[in-house]
Amino acid sequence: DVVNTGKTDGNIDKDGKMQFAEKYFEDLKLDKTSDDFGRPANKWNVKKEEVGTYANTPDATFTKKVTKADVYNAIGKTVYDDLTDTKDPATLTVWFDGVKTVVKTADVDSYIEKNNSGKSNGTANGDLTEVYVDDDNNVTIVTIRTYVFQAAADYDSKKEQINLTTDSTKYDTDITLDDRTVSLDDYAVIKDLKEDDYVLVTAVVNKAGKYEIKSVEKAETKTAEVTGYKYQDSVTAGSDTYKYSATASGIKDTQYNVGKQATLVFDKYGYIIAIEESVVLSDYVFIEDFGSTSGLNKKAVANAVFPDG
């Protein structure tokens, strides 16, 4: 820092100091904007060239299902009262995977309400939700969901890319990407991916209704003995209990065989997002009665009872 002899240069608010950039980069300009997910952000430009866009620090962050009460507690009564003021209300804006909704004053309680345990903004476990409050008590809620894919083949070192694929028998990814090819120039992590590796993706919805990838990382897996499970809720593997992620609805019905091994796939927050391999009850059939059609017939017949009854 050097002494600021002026009140401000017009780019950075008055702080009594002159920043290095203010002194030596007179063409540096700051624009208030939002990133692709809708997070309030600062965009820096030098003349017409963009230096970068950087999301602001949220007032609250969640990686589980967020209740209306959670948001109320995060913003406080004063901000809530401003949002619900019928004369001159502050603004509530919500985003989900880059889709923006400006909430009417009458509908604020659909997202924020004291002592209400209902979920806010359609959130579930494994969703990253950030809450922002500006100086005028306007509130922005941003939710970013994580989706799982797999590498269709080993990383192609010549083309410097991988292709992503899905397997509905192992997880429930129901979004359509605008492009399943991921380039090394965009995401260096793909260089180490092998065929069938699990890949965690965040994305935003474009005008065509398809999803544009915004982040890529390799998922973690764990193989352990299933010591218990709660139907449609959680699995205990070894001594640890794991709940399902937001996009795991298609595998929540899995009925595990306690005492057998299972390989679970996790999102970045530790929720189950896929099941790679498991010995489940559906792998077995109970034979209730066994015999043949007649004394002369060598065909065997049996009464079988399946896990679903």
Side-chain angles (χ1 to χ4, degrees), residues 12-13 29-45 50-147 175 178 201-215 245-247 267-269:
I12 299 177
D13 290 339
K29 302 295 181 183
L30 170 64
D31 293 323
K32 298 294 184 179
T33 184
S34 58
D35 69 6
D36 292 332
F37 290 104
R39 293 177 288 200
N42 292 324
K43 180 181 178 182
W44 292 96
N45 300 282
E50 180 180 342
V51 176
T53 299
Y54 307 96
N56 296 344
T57 301
D59 292 275
T61 301
F62 306 89
T63 57
K64 60 176 182 63
K65 182 189 82 170
V66 182
T67 68
K68 299 173 187 180
D70 287 332
V71 182
Y72 180 93
N73 293 334
I75 66 172
K77 182 179 184 302
T78 299
V79 176
Y80 173 81
D81 288 345
D82 282 354
L83 289 173
T84 54
D85 187 341
T86 56
K87 293 183 179 179
D88 185 24
T91 301
L92 171 63
T93 305
V94 300
W95 297 74
F96 195 104
D97 284 347
V99 178
K100 179 182 180 180
T101 302
V102 179
V103 180
K104 297 178 181 178
T105 303
D107 295 332
V108 167
D109 284 351
S110 296
Y111 298 87
I112 309 169
E113 189 174 21
K114 186 177 182 180
N115 298 327
N116 190 323
S117 61
K119 63 183 178 181
S120 177
N121 204 26
T123 58
N125 291 334
D127 288 338
L128 172 63
T129 300
E130 297 177 338
V131 180
Y132 299 84
V133 182
D134 69 13
D135 293 339
D136 297 317
N137 285 349
N138 298 308
V139 175
T140 301
I141 302 173
V142 178
T143 299
I144 303 169
R145 181 156 287 177
T146 299
Y147 303 91
I175 65 169
D178 69 331
V201 167
T202 62
V204 296
V205 182
N206 62 23
K207 293 181 179 180
K210 295 184 178 181
Y211 285 70
E212 297 177 6
I213 295 175
K214 293 300 175 182
S215 74
S245 79
T247 60
D267 67 16
K268 67 177 73 176
Y269 309 114

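As a basis for the values below, the full set of heavy atoms in this structure was taken, side chains included, without hydrogen atoms, waters or symmetry mates. Residues: numbered from 1 along the sequence shown.
- When all heavy atoms are compared, the tightest approach of R145 to A246 is NE-CB, 3.5 Å.
- Between atom CG of residue L92 and atom NZ of residue K104 there is a gap of 13.5 Å, rounded to the nearest 0.5 Å.
- N125 approaches K65 most closely through the heavy-atom pair OD1-N, 3.3 Å.
- Taking OG1 of T33 as the start and CZ of R39 as the end, the distance is 12.5 Å to the nearest 0.5 Å.
- No donor-acceptor pair closer than 3.5 Å links the side chain of D127 to the backbone N or O of T129.
- There is no side-chain donor-acceptor pair under 3.5 Å between S117 and T67.
- Here CG of D85 is found 11.0 Å from CG of N137. Values are rounded to the nearest 0.5 Å.
- D59 places none of its side-chain heavy atoms less than 4.5 Å from the side chain of I75.
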Give the intermediate values and the outcome of side-chain hydrogen bond (donor to acceptor under 3.5 Å, both in side chains) for residues D267 and S245. CA-CA 7 Å; D267 67 16; S245 79; 4.5 Å; no
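- With values rounded to the nearest 0.5 angstrom, I112 atom CD1 is found 4.5 Å from I141 atom CD1.
- Between N116 and Y72, every side-chain heavy-atom pair lies at or beyond the 4.5 Å cut-off.
- Counting only heavy atoms from C-beta outward, the side chains of N206 and D178 approach each other to under 4.5 Å.
- Going from atom OG1 of T143 over to atom CZ of F37 covers 11.5 Å, rounded to the nearest 0.5 Å.
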Go through L128 and Y269 one step at a time and tell me if the side-chain contact (heavy atoms from CB on, under 4.5 Å) criterion holds. CA-CA 9 Å; L128 172 63; Y269 309 114; 3.5 Å; yes
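- With sequence neighbours left out, F96 forms a ring pair (Phe, Tyr, Trp, His ring centres under 6.0 Å) with no residue at all.
- For the pair P40 and T140, the minimum side-chain heavy-atom distance is below 4.5 Å.
- The side chain to side chain donor-acceptor pair (under 3.5 Å) pairs that include a residue from residues 87-100 are D97-Y147, where partners are two or more places apart or lie in different chains.
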side-chain contact (heavy atoms from CB on, under 4.5 Å) assessment of V201 paired with T146: CA-CA 6 Å; V201 167; T146 299; over 6 Å; no
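- For D70 and K64, the salt-bridge test passes: some basic side-chain N is under 4.0 Å from an acidic carboxylate O.
- T123 contributes a side-chain N or O that, together with a main-chain N or O of V66, makes up a donor-acceptor pair within less than 3.5 Å.
- The closest side-chain heavy-atom distance from Y132 to V142 is below 4.5 Å.
- Considering every non-hydrogen atom in both V71 and S120, the closest pair reads CG2-OG, 3.9 Å.
- In this model, a donor atom of one side chain and an acceptor atom of the other lie less than 3.5 Å apart for Y80 and D109.
- At a threshold of 4.5 Å between non-hydrogen side-chain atoms, the residues P89 and L83 do not count as touching.
- We find the NZ-CG distance between K68 and N73 to be 14.5 Å, quoted to the nearest 0.5 Å.
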